[in-house]
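In what follows, chains are A, B, ... by sequence order, proteins preceding strands, each numbered from 1.
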There are 2 protein chains.
Amino acid sequence: MLSKITEVQSALEVPEEIAGLRMTRQRQEIYRILIEERNHPTANEVFMKAKDRLPNLSLATVYNCLDALVQHGIIRQVNFERESSRYCPNLREHGHFHDAETGVIHDVDFKPGANLTDVLNLPQGAVIEDVEITLRGKISNLQ
Amino acid sequence: MLSKITEVQSALEVPEEIAGLRMTRQRQEIYRILIEERNHPTANEVFMKAKDRLPNLSLATVYNCLDALVQHGIIRQVNFERESSRYCPNLREHGHFHDAETGVIHDVDFKPGANLTDVLNLPQGAVIEDVEITLRGKISNLQ
DNA sequence: ACTGGAATTGGAATAATTCTTGATCTCATT
DNA sequence: AATGAGATCAAGAATTATTCCAATTCCAGT
């Protein structure tokens, strides 16, 4: 069990409020886990990790918190096929490369100045509000 | 409403076997629905449609058939966020634009010669095996 | 027609997520 | 410090999409 002081100190890394969302202990802890790990955990994985520090935490609360963070644009929800949703604190517009061999998910940035309309024939008048790009494959060591 | 003759003719368009998959009545019917409608139905929507012709059809069979078709590369499974999977007989490599206002899903083709690596910074050595591009937005009529 | 393997069916089971409800916390105001 | 309103949390029930399972049924090759 952690001391009150340790808990408060780590909590201080995250501000009291972000984007108008009150950062409660639970939300802070969950956000901190996403920031520190950066490995696109599922709600359940976040739950496991967070229980160390918040023993009374419930899975429902993890879902609530993750959803609140997503709604306020503080983190992003990422879906791979029909698997559990994963969560990501990287707010840059980016895609994901899922290494099928290791299971590791790499963030994939857009090249500077690149535009999706360079490669896609969008329908006439299409206004994009959200982009989800998911690649699956493997990382080859061969040169 | 289609005439019997049209129905039979359209059914005949589907061969006995595709890509090594035995085309049973159920698989034929399900495939035909995907081909004719081309509106990215869910398994349940396919089930509803197919029941007209195959009254004993079960939802489990629809899932089985769709999966068999997907496994044999005859159709593709498409996922939007956490919604039900949808199915698509368009085998060209393509993405999807989801019109949030009408719910319509448009296929989005790649521009000829375009390559994803033109716009994305992939991890070193990444070999792409599968691409899923999903855009969400609206269609504006304004010029 | 017979037979073995594949396919189908219907219902039960599963897994992820959401909902519900009551308890608890927070914060502004007194 | 007490109060009250509203937000948040916890626990478990409910929901939803999908998969599993066991018992038929179907079909291609003999």
Side-chain angles (χ1 to χ4, degrees), chain A residues 4 7-8 11-12 14-33 40-72 74-87, chain B residues 14-33 40-72 74-88:
Chain A
K4 267 268 155 8
E7 286 174 341
V8 169
L12 285 180
V14 176
E16 297 271 307
E17 183 175 313
I18 301 182
L21 179 68
R22 209 173 90 204
M23 287 305 270
T24 63
R25 290 246 293 121
Q26 288 83 346
R27 288 172 186 163
Q28 283 173 19
E29 187 60 29
I30 286 167
Y31 183 53
R32 198 187 53 75
I33 288 170
H40 303 84
T42 63
N44 198 55
E45 286 163 359
V46 171
F47 178 49
M48 305 292 226
K49 277 265 161 44
K51 268 198 298 194
D52 296 347
R53 297 219 192 165
L54 301 171
N56 298 340
L57 187 68
S58 86
L59 180 55
T61 298
V62 174
Y63 275 107
N64 286 341
C65 291
L66 288 170
D67 189 55
L69 292 167
V70 169
Q71 292 311 317
H72 286 74
I74 300 166
I75 64 173
R76 310 184 67 151
Q77 181 175 16
V78 189
N79 299 299
F80 296 94
E81 319 270 306
R82 299 241 89 233
E83 293 170 18
S84 302
S85 288
R86 295 175 176 277
Y87 298 86
Chain B
V14 178
E16 298 271 307
E17 184 176 313
I18 301 183
L21 180 69
R22 208 172 92 203
M23 287 303 270
T24 63
R25 287 248 299 123
Q26 288 84 343
R27 289 173 184 164
Q28 280 174 23
E29 187 60 28
I30 285 167
Y31 183 54
R32 197 187 54 75
I33 287 170
H40 304 83
T42 64
N44 199 56
E45 286 164 359
V46 170
F47 178 50
M48 305 291 226
K49 276 265 162 45
K51 267 198 298 195
D52 296 346
R53 296 217 193 167
L54 301 170
N56 299 340
L57 187 68
S58 86
L59 180 56
T61 299
V62 174
Y63 275 105
N64 287 341
C65 291
L66 288 170
D67 189 56
L69 293 167
V70 169
Q71 292 311 317
H72 285 74
I74 301 166
I75 64 173
R76 309 184 68 151
Q77 181 175 16
V78 190
N79 299 300
F80 297 93
E81 319 270 307
R82 299 242 89 233
E83 294 170 18
S84 302
S85 288
R86 294 176 176 278
Y87 298 87
C88 168

For the pair made of [atom1] in [X] and [atom2] in [N], what is the distance, rounded to whole Å?
X	N	atom1	atom2	answer
A:Leu66	C:dT18	CG	C1'	14 Å
B:Arg82	C:dT18	CZ	P	8 Å
A:Phe47	C:dA15	CZ	C1'	15 Å
A:Met48	C:dA16	CE	P	11 Å
B:Glu81	C:dT17	CD	P	13 Å

Expected output: side-chain [X] to main-chain [Y] donor-acceptor under 3.5 Å:
X	Y	answer
A:Arg86	A:Asn79	no
B:Gln28	B:Met23	yes
B:Arg27	B:Leu66	no

Self-check item: side chain to side chain contact (heavy atoms under 4.5 Å, CB included) evaluation trace for A:Tyr87 with A:Val46
Solution: CA-CA 9 Å; A:Tyr87 298 86; A:Val46 171; 5.5 Å; no

Self-check item: A:Arg86 or B:Leu59, whichever maps to the more 5' nucleotide of DNA chain C
Solution: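 With A:Arg86 and B:Leu59 compared, the 5'-side residue is B:Leu59.
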
Quiz item: Is any NZ, NE, NH1 or NH2 atom of the basic residue among B:Arg22 and B:Glu17 found under 4.0 Å from an Asp or Glu carboxylate oxygen of the other?
Solution: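 No salt bridge links B:Arg22 with B:Glu17.
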
Quiz item: Which is the 5'-most and which the 3'-most nucleotide of DNA chain D that has an atom under 4.0 Å from a heavy atom of chain B?
Solution: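 It runs D:dA17 to D:dC27.
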
Quiz item: Mind checking what makes side chain to side chain contact (heavy atoms under 4.5 Å, CB included) contact with A:Gln26, not counting sequence neighbours?
Solution: A:Thr24, A:Leu54, A:Leu57, A:Thr61, A:Cys65

Practice problem: Can you see which heavy atom on A:Gln77 is nearest to which on A:Ser85, and at what distance? | Solution: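 Taking every non-hydrogen atom into account, NE2-OG, 2.8 Å.
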
Table of protein N/O atoms under 3.5 Å from nucleotides 2-8 of chain C N/O atoms:
unit_1	atom_1	unit_2	atom_2	d
C:dA7	OP1	B:Arg27	NH1	3.0
C:dA7	OP1	B:Arg27	NH2	3.3
C:dT8	OP1	B:Thr24	OG1	2.5
C:dT8	OP1	B:Gln26	OE1	3.1
C:dT8	O3'	B:Gln26	NE2	3.1

Exercise. Establish, yes or no, whether the cationic atom of B:Lys49 lies under 6.0 Å from the six-membered ring centre of B:Phe47 and within 45° of the ring axis.
Key: no

Quiz item: Across the strands shown, which category fits A:Thr42 at heavy-atom distances under 4.0 angstrom: base, sugar-phosphate, nothing?
Solution: nothing

